[in-house]
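Scroll down for the structure; my scribbles are underneath it.
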Amino acid sequence: MTAPSNCTQNASQEHQFLMFFDFDETIINENSDDAVARTLPGQQLPDWLKNCFRKGHYIEHSQRILAYMAEQGVSKDAIQSTVEAIPPSPGIMALFQYLQNHLQDFELVVTSDANMYFIETWLEHAGVRHLFRKIFTNPGSFDAKGQLVLLPFHSNSCSSCPDNMCKQVILREYLADRQKERGGVPFHRVFYVGDGANDVCPCLALGPNDMVFSRRDYPMHKLLMEMQKSQPTKLKANIFPWTSGLDVKHILKKTMEER
């Protein structure tokens, strides 16, 4: 999918809708860290390395894994080709084609606790990088020794999120900044597409006009269903479960027709 010559992604004033996408198990159909671990000689991490993970400390754990991979001789080329080969989630490319055809209406953003190298590598290879105005993720680049080095995106005090990323902070700040840049004009509606537990927090900042697409039977969807029962007033946005990007596309088409 290539950018059309008349691409209007920069014509911010025309965008009525803002759409956030997670990356792992949302845009792509697996966790990118797990995929890259298959480049190791044994095609998986040793148990001692798997077991050293501490909840909320993604960067620390990932950096330990990447250092181990470098020690095992895993090259940048091997990592790149593995990332490029990760399959998209079902129906996601069809959804992207629909959004490509409606770039005058949609502004697209990635918010992910993966890293910039994995995300940009995959999006470029898939031919969809141009669709996204911004990518919010942990910085990642190769050092002189050929090791992929990660840095935390930011620090935050949110009790619900990892110490390196609160997606609600990102969403709130982006909405405020873009409204200023748009001359005080807010987006008509915000959409959020995700799957994981860390995708719940940003959705709590959305309003009754907004829509949350939670991948069916994944942690985000289960947590939101529990929240609707135990704290029904906490989540104001409308929830739509999805198993394919075609489900999301269907709702977007319906929304466009109702304008």
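In this chain, numbering begins with 1 at the start of the sequence shown.
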Less than 3.5 Å apart, any donor N or O on the side chain of Thr137 or Asn115 sitting next to an acceptor on the other?
no
Hey, mind stepping through Arg129 and Glu120 against salt bridge (charged side-chain N to carboxylate O under 4.0 Å, His left out) and telling me if it holds?
CA-CA 7 Å; Arg129 173 63 184 89; Glu120 292 224 301; 2.8 Å; yes
Transitively linked via ILVMFWY side-chain contacts under 4.5 Å: Val169 with Val212?
no
If two hydrophobic side chains count as joined below 4.5 Å and joins carry through other members, does Val185 share a cluster with Leu206?
no
Taking it one step at a time, do Met211 and Thr255 satisfy side-chain contact (heavy atoms from CB on, under 4.5 Å)?
CA-CA 10 Å; Met211 296 183 180; Thr255 300; 3.5 Å; yes
Tyr218 to Asp195 - nearest heavy-atom pair and separation
CB-O, 3.4 Å
Measure from the side-chain N and O atoms of Thr121 to the backbone N and O of Phe118, and report whether any donor-acceptor pair falls under 3.5 Å.
no
Does Asn31 use its side chain to pair, donor to acceptor, with the backbone of Asp24 at less than 3.5 Å?
no
Do Met220 and Cys203 have side chains that get closer than 4.5 Å, going by heavy atoms?
yes
NZ of Lys253: more than 12 outside heavy atoms within 6.0 angstrom?
no
Distance-only side-chain donor-acceptor flag, Glu107 / His15, under 3.5 Å
yes
Are the side chain of Gln147 and the backbone N or O of Ala70 linked by a donor-acceptor pair below 3.5 Å?
no
Using modelled atom types only, decide if a donor and an acceptor are shared between the side chain of Thr39 and the backbone of Val74 within a distance under 3.5 Å.
no
With the side chain counted from C-beta on, respond yes when Ile135 and Leu123 share a heavy-atom pair under 4.5 Å apart, and no when they do not.
yes
Spatial distance of atom CD (Gln44) from atom CG (Leu49) [nearest 0.5 Å]
11.5 Å
Nearest heavy-atom neighbours spanning His188 and Asn209
O-ND2, 2.6 Å
For the residue pair Phe191 and Arg189, establish whether any side-chain heavy-atom pair is separated by less than 4.5 Å.
yes
At what distance, to the nearest 0.5 angstrom, does CD1 of Ile86 lie from CD1 of Ile27?
11.5 Å
Over all heavy atoms of both residues, which pair between Met19 and Val193 is shortest? Give the atoms and the distance, please.
CE-CG2, 3.7 Å
Does the salt bridge (charged side-chain N to carboxylate O under 4.0 Å, His left out) test come out yes or no for Glu30 and Arg38, once each step is laid out?
CA-CA 12 Å; Glu30 64 179 308; Arg38 294 198 295 271; 3.0 Å; yes
Give the cluster check for Leu151 versus Ile119: same hydrophobic cluster or not, with ILVMFWY residues linked at side-chain heavy-atom distances below 4.5 Å.
no
Side-chain donor-acceptor pairs of residues 229-245 under 3.5 Å, sequence neighbours excluded:
| unit_1 | atom_1 | unit_2 | atom_2 | d |
| --- | --- | --- | --- | --- |
| Ser230 | OG | Glu226 | O | 3.0 |
| Asn238 | ND2 | Pro208 | O | 3.0 |
| Asn238 | ND2 | Asp210 | O | 3.2 |
| Trp242 | NE1 | Gly194 | O | 3.4 |
| Trp242 | NE1 | Phe213 | O | 3.4 |
| Thr243 | OG1 | Asp247 | OD2 | 3.1 |
| Ser244 | OG | Pro90 | O | 3.4 |
| Ser244 | OG | Leu246 | N | 3.0 |

Closest non-hydrogen atoms of His125 and Glu84, given as atom of the first, atom of the second and distance, are CD2-O, 3.4 Å
To the nearest 0.5 Å, tell me how far Lys249 NZ sits from Lys254 NZ.
16.0 Å
Heavy-atom distance under 4.5 Å between the side chains of Val83 and Gln80, does that happen here?
no
Candidate pair Met256 and His102, rule side-chain contact (heavy atoms from CB on, under 4.5 Å), full reasoning:
CA-CA 10 Å; Met256 294 282 282; His102 294 85; 3.5 Å; yes
Close side-chain approach of Phe20 and Pro202, heavy atoms under 4.5 Å:
no
Out of curiosity, Ser62 OG to Met69 CE, how far, rounded to the nearest 0.5 Å?
10.5 Å
Met93 and Val128: CA distance, side-chain angles, deciding distance, side-chain contact (heavy atoms from CB on, under 4.5 Å) verdict
CA-CA 9 Å; Met93 295 309 291; Val128 295; 3.9 Å; yes
Are Arg133 and Phe106 in a cation-pi contact, defined as NZ or CZ under 6.0 Å from the six-membered ring centre and within 45° of the axis?
no
Under 6.0 Å between ring centres, would you say that holds for Tyr117 and Phe142?
yes
Using distance alone, with no hydrogens and no angle criterion, decide if Asp113 and Asn138 have a side-chain donor and acceptor under 3.5 Å apart.
yes
Just by modelled atom types, is the Cys166 backbone N or O under 3.5 Å from a matching donor or acceptor in the His154 side chain?
yes
In Å, rounded to the nearest 0.5 Å, how long is the span from CG of Asp22 to OG of Ser89?
9.5 Å
Applying ring-ring contact (aromatic ring centres under 6.0 Å, His included) to Phe187 and Phe17, what does each step give before you reach the verdict?
CA-CA 6 Å; Phe187 289 96; Phe17 307 118; 9.0 Å; no
Ring center gap for Phe96 and Phe21 short of 6.0 angstrom
yes
Which is it for Tyr174 and Thr111 under the side-chain contact (heavy atoms from CB on, under 4.5 Å) test, yes or no, and what are the steps along the way?
CA-CA 11 Å; Tyr174 189 81; Thr111 56; over 6 Å; no
Quick one: are Pro139 and Met116 in side-chain contact, heavy atoms under 4.5 Å?
no
Closest non-hydrogen atom pair between Ala35 and Thr82, with its separation:
O-CG2, 3.3 Å
Quick one: pull up CG in Asp34 and CG in Leu45 and give me the separation to the nearest 0.5 Å.
8.0 Å
Can a salt bridge be assigned to the pair Asp199 and Lys167 using a cut-off of 4.0 Å between side-chain N and carboxylate O?
yes
When hydrophobic residues are tied together by side-chain contacts of less than 4.5 Å, even through go-betweens, does Tyr68 share a cluster with Ile59?
yes
Are Val149 and Ile65 connected in a single hydrophobic cluster, I mean Ile/Leu/Val/Met/Phe/Trp/Tyr linked by side-chain heavy atoms less than 4.5 Å apart?
no
Between Leu148 and Gly140, the two heavy atoms sitting closest are CD1-C, 3.8 Å
Within 45° cone and under 6.0 Å: Lys134 NZ/CZ vs Phe136 ring:
yes
